[in-house]
Amino acid sequence: MTNAAIAQIMREIAVLLDMDGVPFKPRAYEKVAYAIEALDEPLADTYARGGLKAIEQVPGVGKGIAERIEELLTTGRLKYYDELHKKVPVDLSGLTAIEGIGPKHVKALYEALRIRTVTDLEKAARAGKIRDLPHFGEKSEQKILKGIAFLKGHSGRVPLGAVLPLLEEIQARLGKIAGVQQVALAGSVRRRKETVGDGDMLVVSNKPNRVMEFFVGMPEVVDVLGQGPTKSSVKLDGGLQLDLRVVPAESFGAALNYFTGSKAHNVALRKIAIERGLKLNEYGVFRGEQSIAGKAEEDVYAALGLPYIEPELREDAGEIDAARAGKLPRLIRYGEVRGDLQTQTTWTDGANSIEEMVDAARRLGREYMAITDHTKSLAMMGADETKLREQMIAVRALAKQLKGFTLFAGAEVNINRDGTLDIADEVLAELDVVGIAVHSHFNLSRDEMTRRIIRAMENPHADILFHPTGRVINKREPYDVDIDAIIAAAKRTGTALEVDAYPERLDLKDEHVRKAIAAGVKIVIDSDAHSVNHLDYIDYGVATARRGWAEKSDVLNTLPAAQFLASLKGSRRAKRGKRGRS
DNA sequence: GCCGTTTTCGGCCCGACTGTTTTCAGTCG
């Protein structure tokens, strides 16, 4: 049974317990559902490796839930869940996905009208049967139909890069309204999560109604979900839900902190507040009735005895302990990446010429760039050795003319099925930057895929493993690969791992970055630009690196060009040395 | 059901908005 399936059952148990008003237990199951979804290793493997004890290592899992997971893994069923579900045998996750429908409503709908599925619910609502139920009315009936229609049109989270530019534009618009003193993006957008489910914005204004009127009247708004003096919610035409809060200036920091989340981070902060005899809410930190902090986020953390914690770290993933111990990382900053090492041009599948890409990169303030077009075995039009040498000549000729900008000759070399590379070693040796990548045979077994990639990393000319797991958000799952083994191989061979900043890739992802740097592996952050418009994606990669606790020194392409190149050459020498000895 | 710099028992985050209600439950974040 997959982790996703187990997590869903844990979440459904939480819903079932909530229906009966059981206190606290539902939160325990819910928390475990989140924890399981965040795991890298299949629980089946965890169990095979270390039995019940290993399962209990998952955060939030105690003896009781560990045994329930064991039952699921060994029998494929869970009696406890089946018994609960028998009482309200409905499509729990489907129904609760509808905006405004929670556990109590699901139960009421089942008991009164035997509604089991979203389809049942839609029929009943259309027939006007919902409005007569206790605690429901005509408006709730309409809201249900709206919610169902919305779900049919959209599902789930979208890449950060698909919404951030619009949100920043809306932020700028709100900032121009008279009376608005501050505007900020909050929520998972501010934490720079790779995907976002909705947007959160915060405004300080002495004319809140004016802000709200403007907000719900924006041209992108297709539906107003709620409108009050301090909080409004709208749906945008792209399907994104956007929430806006208007807060007093003296609460801006506390509100920003609160609405940035994550939820788990907030809960942890509130516990610290309680321990200190304080109360933390979105208006400030309070001792009794007295506010002791709230205007700035730094003050809120300080009132809790903590240093400021960067938004990208706020996932309750150890950042609070690190803050308490004074061991927070000094995260790499936006703008500290000096060079871009994965770019494609019209030589293969890019939209712009080498010259155009160079111009655009310079305008963005980059100091160096590698041209890394695809190589021959790629079905499209990859370069073979001859074409690659031709391009090298062109690149080096242009490089000579450039002042204050370094242009590297490189390639995105395919890893063959057996782990060999599709370009001859003597040509690779001439390139400044050799990126290696999997572009075929995605369905190998975990073992085969892992061995394949490690063999490629052992090639003495391989500098960087590009997009190491191959995932494309919302399109393609990562291939099955043992990322810990890849990280260990990267350490052993001195191969850098890439954070591909292309918003649909962001691969390595945040938690893998964290593992890699903990192992002492260097990473690089590349745009994977296929046109001049993609070069500024680098910031999404920096965001992922920050979420993975990366410091500037962990990221090779924060080095100046000469040092960067020296570092690659050093790694190649070391590789050849190791190879010679073995 | 989980968890421990007060604790192995007794806690478990907090507030806004909606729609249905005559004072609040449910949902959401």
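Chain A is the first sequence line, chain B the second, and so forth, proteins listed ahead of strands; every chain is numbered from 1.
- OP1 or OP2 of dA16(B) lies within a sub-4.0 Å distance of a side-chain N or O belonging to Y283(A).
- Within the 4.0 angstrom heavy-atom criterion, only backbone atoms of the sugar-phosphate kind lie near P103(A); the bases stay farther away.
- Electrostatic pairing of D223(A) and K235(A) does not count as a salt bridge here, judged by no charged N lying under 4.0 Å from a carboxylate O.
- Contact annotation for K139(A): backbone-only contact, meaning every heavy-atom pair under 4.0 Å involves sugar-phosphate atoms and none involves a base.
- Both K231(A) and I274(A) lie close to DNA chain B; mapped to their nearest nucleotides by heavy-atom distance, the more 5′-ward contact belongs to I274(A).
- The nearest whole Å value for the distance from the CZ atom in R270(A) to the P atom in dC13(B) is 9 Å.
- You'll find the ring centres of Y502(A) and H467(A) outside the 6.0 Å limit.
- A sub-4.0 Å separation between OP1 or OP2 of dG26(B) and a side-chain N or O of H135(A) is absent.
- At a threshold of 4.0 angstrom between heavy atoms, the contacts of K63(A) are confined to the sugar-phosphate backbone, with no base atom among them.
- Of the C1' atoms belonging to dT22(B) and dT18(B), the separation is 16 Å, rounded to the nearest Å.
- R68(A) comes within 4.0 angstrom of sugar-phosphate atoms only, judged by non-hydrogen atoms across all strands, and of no base.
- Checked by distance alone, Y258(A) brings a side-chain donor or acceptor within 3.5 Å of a matching partner on the base of dG29(B).
- In this model, a donor atom of one side chain and an acceptor atom of the other lie less than 3.5 Å apart for D243(A) and S233(A).
- Defined by atom type and a distance below 3.5 Å, a donor-acceptor pair is present between the side-chain atoms of Q8(A) and S93(A).
- Straight-line distance between the P atoms of dG29(B) and dT21(B): roughly 24 Å, to the nearest whole Å.
- Atoms CD (E30(A)) and C1' (dC28(B)) sit 12 Å apart, rounded to a whole Å.
- Counting non-hydrogen atoms under 4.0 angstrom, E138(A) reaches the backbone sugars and phosphates but no base.
- Taking atom P in both dG19(B) and dC13(B), the straight-line distance is 28 Å, to the nearest Å.
- Taking 4.0 angstrom as the limit, N281(A) places a side-chain polar atom (N or O) nearer than this to OP1 or OP2 of dG15(B).
- Using a 4.0 Å heavy-atom criterion, one finds that I98(A) contacts the sugar-phosphate atoms exclusively.
- Rounded to whole angstrom, the span from the CZ atom of R27(A) across to the P atom of dC14(B) amounts to 15 Å.
- In this structure, the NZ atom of K31(A) is 6 Å from the P atom of dC3(B), given to the nearest Å.
- Note on V32(A): nothing from the nucleic acid sits closer than 4.0 angstrom, heavy atoms only.
- Residues T260(A) and N257(A) bring no donor and acceptor atom of their side chains to less than 3.5 Å of each other.
- One can place CG of L133(A) at 11 Å from P of dT21(B), the figure rounded to the nearest angstrom.
- With Y34(A) as the aromatic partner, R11(A) meets the cation-pi criteria of under 6.0 angstrom to the ring centre and within 45 degrees of the ring axis.
- Nucleotide dG15(B) holds its P atom 17 Å from the CG atom of L202(A), rounded to whole Å.
- Residue F259(A) is classed as having no contact, given no heavy-atom separation below 4.0 Å to the nucleic acid.
- What separates CZ of R314(A) from C1' of dC13(B) is a distance of 17 Å, to the nearest Å.
- Mapping K279(A) and L225(A) onto DNA chain B by nearest heavy atom places K279(A) closer to the 5' end of the strand.
- Checking dT8(B) for Watson-Crick or G-U wobble geometry (two distances, each under 3.5 Å) identifies no partner in any strand.
- In this structure, K263(A) does not reach the dG29(B) phosphate: none of its side-chain N or O atoms is under 4.0 Å from OP1 or OP2.
- Rounded to whole Å, the separation between the C1' atoms of dG1(B) and dT5(B) comes to 23 Å.
- Without hydrogens or angle criteria, R471(A) side chain to L506(A) main chain gives a donor-acceptor distance under 3.5 Å.
- In this entry the distance linking CD1 of I144(A) with P of dG19(B) reads 12 Å, nearest Å.
- Phosphate contact (OP1/OP2 of dT18(B), side-chain N/O of S140(A), threshold under 4.0 Å): absent.
- dG26(B) and dT20(B) have their C1' atoms separated by 10 Å, given to the nearest Å.
- Ring stacking is absent between F136(A) and dT20(B), as the pair misses the limits of under 5.5 Å between centres and under 30 degrees between planes.
- Comparing the same atom, C1', in dC3(B) and in dT7(B) gives a spacing of 9 Å after rounding to whole Å.
- Annotation: cation-pi geometry not satisfied between R77(A) and Y81(A) (NZ/CZ under 6.0 angstrom from ring centroid, within 45° of ring axis).
- Annotation: dG11(B) and dT6(B) have their C1' atoms spaced 12 Å apart (nearest Å).
- The phosphate of dC17(B) has neither OP1 nor OP2 within less than 4.0 Å of any side-chain N or O from S233(A).
- Residue contacts for I101(A): at a heavy-atom cut-off of 4.0 Å it reaches the sugar-phosphate backbone alone, with no base atom in range.
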